Each structure stands twice: as structure tokens, then as C-alpha cells.
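A short worksheet on the structure shown next.
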Amino acid sequence: MKNRRWRGRLLWAAAVLLCCHNTAVLTATASPLERFGAPALSEPSQEEIRSQYAEYEARFQGIERIEDVEAGGYRILEEQVFPVVLESFGGEEMTLIPAMDKTWRRLALFIADETGEIRCRYHRLATNECMPGQMRQITKDIASVAFADVNHDQKTDIILITRCVNPQGDYAGIAYKVGDVLFQGDGGFYRDWRVSDKINRFSMNKSAGYIITFVRDGRSVEFLYTARTLEELLSGGFRVIEEQCYTRDFEKLGRLKVVPGTVRISAYEIFMIYLVDEQGNIIWCFQPMGEYDSLYSLKSVMGRDLDGDGMKDLVVLARYSIETEDGESLVENQCSIYYQRTGGFDVDTEFGKTYRCREEDTMEELVRKIREYWGWQAEQ
């Protein structure tokens, strides 16, 4: 995945998911599902879409041999072609051939035997549903293909992660991952949309290992978004970063404790921050790490009025790790800002466009720069 510095409002993230306190507690970040619903470039009629899909389906079903794949309008993704032994196909070595439809950018998987005959084909993938109701999809490439028995039925399943890029909207040009699991059945594969939904809704699509930990081993980060109390978080394995905890009066929201912490899933430290009242109820939550893979170190979390409206905001300075498309692991500084409003918090969409966080930045320097951006005079 191409390394990109997330500025201001980044947040693919699995985080405009709703936390709950009594009726609801909102997060101050944006859900990957919002990106899935990005507006299409054009609005063909439903009749046109049905006609287009019928033509596409006929081409897809007409592919019977390997040589038919490109002749049928697909581009084979050569770097992701793998040999695989599939139990329900008699245990012989087969070849997995991912291919991209050239017209509609819809991804398909073909499985061929040693003679070149296509024995199985599949295209009902989560990555082909990113633009609901549209033929043209936004899959860029495949980030990962892995094989494992994830449902304990002694059959090899396929773990697939793609990268998608929206052509327009708030996240235009920024690659994000979409994960999927194809379960092996009798002579074919099937997908459980509920599993795919949770993988992507809760950002558990960072690697094949992460997906396997969720689907096979049952370890999920869903509780980070659904917990109502701090006690629920702790019982789920959330580890509080005690040295960064403190209590502040957040005006409209009252006196709250700032509680940053992590939970470890697979090889990743998932970082969240919660605002908790004196009774231990979660009032608000944030996911500052966005599309980064893991928290490397937390430098500081500060609650101060940044934009001059008299209400305390929250600014987070941390270092995160991320893996590039070439497999290189990078560590970057990231500043996340959340402005308190009458009903909660808004994620920054302005300062982050004008300032790129540097490795040497300190919290005090950042607060000064943010305040200067909002028109505060330099303190004497």
C-alpha cells in the first residue's frame, strides 16, 4: 500500500462507528462504510445497469479456460497468481488466477486445473460492492492473498485483501483496504457477508493475519466501538496508558476522564481514546490512528481550547507504523485534532491541510501553531 500521510480529517477509519451510552455515543472519526457509499461519477438508469450487468455476467460465465480470461475482457493480475491445493476438488494442485475486468474494474477469481480448464469462478466480492448499485467499481489492486482453514472444516479458504481508491469525495485518491474471506464448500466457494462486513466495519482488514485472528480465532475489536463502560473495555482486554490519563472539565459535556489505551490483535496495537464520566460511562471515543497499522508510541494527549471558542478541544500526538506496497515498514508522526462543539466533537479538516507533522514536533509547538492558525496572538 502506498504510504500516505493522513492529514486532519483522515479517517477511513473504522471509527465513525457509534459507541453507546444510554441512547448513543458518537465518535469523532469517519467510517470505511461511508467511503463505500461514495457518489458515482455518473448516474445510469436502473435499466441500463441491469443491461450492463447481464452483459458482464454472460462474459464472466463464458470463461471456460485460462486463455479465455483475457479474451473475455479481463486483465490477469500476474503477481497474484498462486498454486493451491483444494480439498473439495480432489486434492490436486490448482491455480488461483485473480483478474480485473477492464471495463468495470470488477475483480474476479478463477481457479484452473493443470489442463487449463476453469473449475471454479467467483466474483461476488466485498471489493465489488464498494459503489452500491453501480457497475463501475474502484478496486485498484490486490494487497494480499492468503490460504488457511478459518472455519475449522478441514478445507482451505481464501483470505483476500484489495486496495480501493475513490475517484471523488472526501477520500479521493487515498487508497484503503477491503478484506474478504471465501469459504471453501463442495466444489466451489461462498462468502458470508456478515463476516466481511465486520472485517471492514471494524478495520480488521490490515493483513491476512489480522483477518485470520478474527475469523478463525474469534478475537475481535468490535467491543472497542460498542462498549458502554470502561469496565467493559477492560474486560475485553483494553490496556489503559495510565501516564496519559487525566481529568478535565469539558464544559458542555461535564467533568470527564481522558482514557487512552490499546488492545493487541495479531501483530497490531490498536489505539483508541475514550472520555469517561465519574460513573465509568463512556461519553465519547476517538480513533486517532486512522489507516495506520499500529501504534508505535504515544507522545501526548492534551485537552485545551485550540480554536478560541472557550471550549476544550483534544489534540493527540503519536507515532504510528504502516506498511508500504513494497512491504517496507515505516513509522510516522501524526497529529489528530478534535474540536469540541455543542453536541460533541468534530475532527479537524482545516489545519491538517496546511501543516505536515514533523518527527521533531512537540505538543507545545503544535498547540502554538494550531492556535496561530485560528488567530490567537503569540503568548508573551
Side-chain angles (χ1 to χ4, degrees), residues 1-16 27-30 32 35 165 170-177 203 206 241 243-246 248 258-262 268-275 284-309 312-326 328-340 345-376 378-379:
M1 159 175 156
K2 217 170 223 187
N3 178 36
R4 295 179 181 276
R5 181 170 297 275
W6 291 77
R7 300 178 179 88
R9 185 184 175 187
L10 333 139
L11 296 164
W12 168 128
V16 134
T27 65
T29 45
R35 289 203 299 267
V165 179
D170 291 340
Y171 301 97
I174 299 176
Y176 60 92
K177 290 181 177 179
S203 300
K206 299 179 185 300
I241 304 174
E243 62 272 19
Q244 294 287 349
C245 286
Y246 57 84
R248 290 285 188 277
V258 179
V259 183
T262 64
Y268 306 103
E269 293 287 344
I270 309 305
F271 176 48
M272 299 283 286
I273 299 176
Y274 299 87
L275 299 184
W284 208 270
C285 68
F286 311 88
Q287 197 222 31
M289 66 183 288
E291 285 300 327
Y292 286 103
D293 294 335
S294 183
L295 176 69
Y296 186 83
S297 64
L298 175 60
K299 289 188 171 182
S300 182
V301 181
M302 182 175 287
R304 294 179 67 176
D305 180 14
L306 300 172
D307 57 356
D309 64 357
K312 290 184 184 65
D313 310 305
L314 200 73
V315 57
V316 184
L317 180 60
R319 302 184 75 199
Y320 305 100
S321 62
I322 191 169
E323 184 176 324
T324 68
E325 287 186 8
D326 299 327
E328 179 185 4
S329 182
L330 299 179
V331 176
E332 296 185 339
N333 266 21
Q334 174 62 39
C335 169
S336 301
I337 308 167
Y338 305 96
Y339 300 109
Q340 187 183 172
F345 289 85
D346 287 342
V347 66
D348 171 72
T349 58
E350 301 298 330
F351 177 78
K353 295 178 182 177
T354 66
Y355 184 77
R356 180 170 180 171
C357 198
R358 303 170 303 170
E359 186 173 351
E360 63 270 21
D361 280 336
T362 66
M363 179 60 82
E364 290 299 330
E365 290 171 336
L366 278 172
V367 168
R368 178 178 56 80
K369 291 179 182 295
I370 297 167
R371 286 183 155 193
E372 287 177 354
Y373 175 84
W374 288 106
W376 291 60
E379 296 181 358

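Nothing here was measured: the structure is a model prediction, and the numbers come from that model.
- Across every non-hydrogen atom of Ala318 and Leu298, the tightest pair is CB-CD1, 3.9 Å.
- Remark: Asp313 engages no residue in a side-chain hydrogen bond (donor to acceptor under 3.5 Å, both in side chains) (not counting sequence neighbours).
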**Message:** Under the criterion ring-ring contact (aromatic ring centres under 6.0 Å, His included), I'd like the reasoning laid out for Tyr292 against Tyr320: C-alpha separation, chi angles, the key distance, then a yes or no.
**Reply:** CA-CA 6 Å; Tyr292 286 103; Tyr320 305 100; 5.2 Å; yes
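- Scanning for side-chain hydrogen bond (donor to acceptor under 3.5 Å, both in side chains) contacts around Thr362 gives Glu365, with sequence neighbours left out.
- Across all their heavy atoms, Ile270 and Lys206 have their closest contact at CD1-CE, 4.3 Å.
- For the atom pair NZ of Lys299 and CG of Asn333, the computed distance is 3.5 Å after rounding to the nearest 0.5 Å.
- Using a 4.0 Å cut-off between charged side-chain N and carboxylate O, Glu364 and Arg368 make no salt bridge.
- The salt bridge (charged side-chain N to carboxylate O under 4.0 Å, His left out) test applied to Asp305 returns no partner, not counting sequence neighbours.
- Shortest non-hydrogen contact noted between Asp307 and Trp376 is C-NE1, 3.7 Å.
- Residues that satisfy the ring-ring contact (aromatic ring centres under 6.0 Å, His included) test with Phe271, not counting sequence neighbours, are absent from this structure.
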**Item:** Derivation of the side chain to side chain contact (heavy atoms under 4.5 Å, CB included) call for Phe286 and Leu275
**Value:** CA-CA 9 Å; Phe286 311 88; Leu275 299 184; 3.8 Å; yes
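- Contacts of Ser294 classified as side chain to side chain contact (heavy atoms under 4.5 Å, CB included), with partners at least two apart in sequence or in another chain: Tyr268, Glu269, Ser321.
- Taken from CD1 in Ile273 to OH in Tyr338, the straight-line distance is 6.5 Å, to the nearest 0.5 Å.
- Taking 4.5 Å as the limit, some side-chain heavy atom of Cys357 sits within range of a side-chain heavy atom of Leu317.
- Considering only residues two or more places apart in sequence or on other chains, Glu328 meets the salt bridge (charged side-chain N to carboxylate O under 4.0 Å, His left out) condition with none of them.
- Listed by chain and number, the residues in a side chain to side chain contact (heavy atoms under 4.5 Å, CB included) with Val165 are Lys140, Ala175 (sequence neighbours excluded).
- Heavy-atom minimum distance, Lys312 versus Phe345: O-CE2, 4.0 Å.
- Applying the side-chain hydrogen bond (donor to acceptor under 3.5 Å, both in side chains) rule to Asp361 yields the partners Tyr355, Arg358; only residues at least two apart in sequence or on another chain are considered.
- Residues passing the side chain to side chain contact (heavy atoms under 4.5 Å, CB included) test with Glu359 are Arg319, sequence neighbours excluded.
- A 4.5 Å side-chain heavy-atom check between Cys335 and Val315 finds at least one atom pair inside the cut-off.
- Taking Tyr246 as the reference, Arg248, Val258, Val301, Leu314 meet the side chain to side chain contact (heavy atoms under 4.5 Å, CB included) condition, with sequence neighbours excluded.
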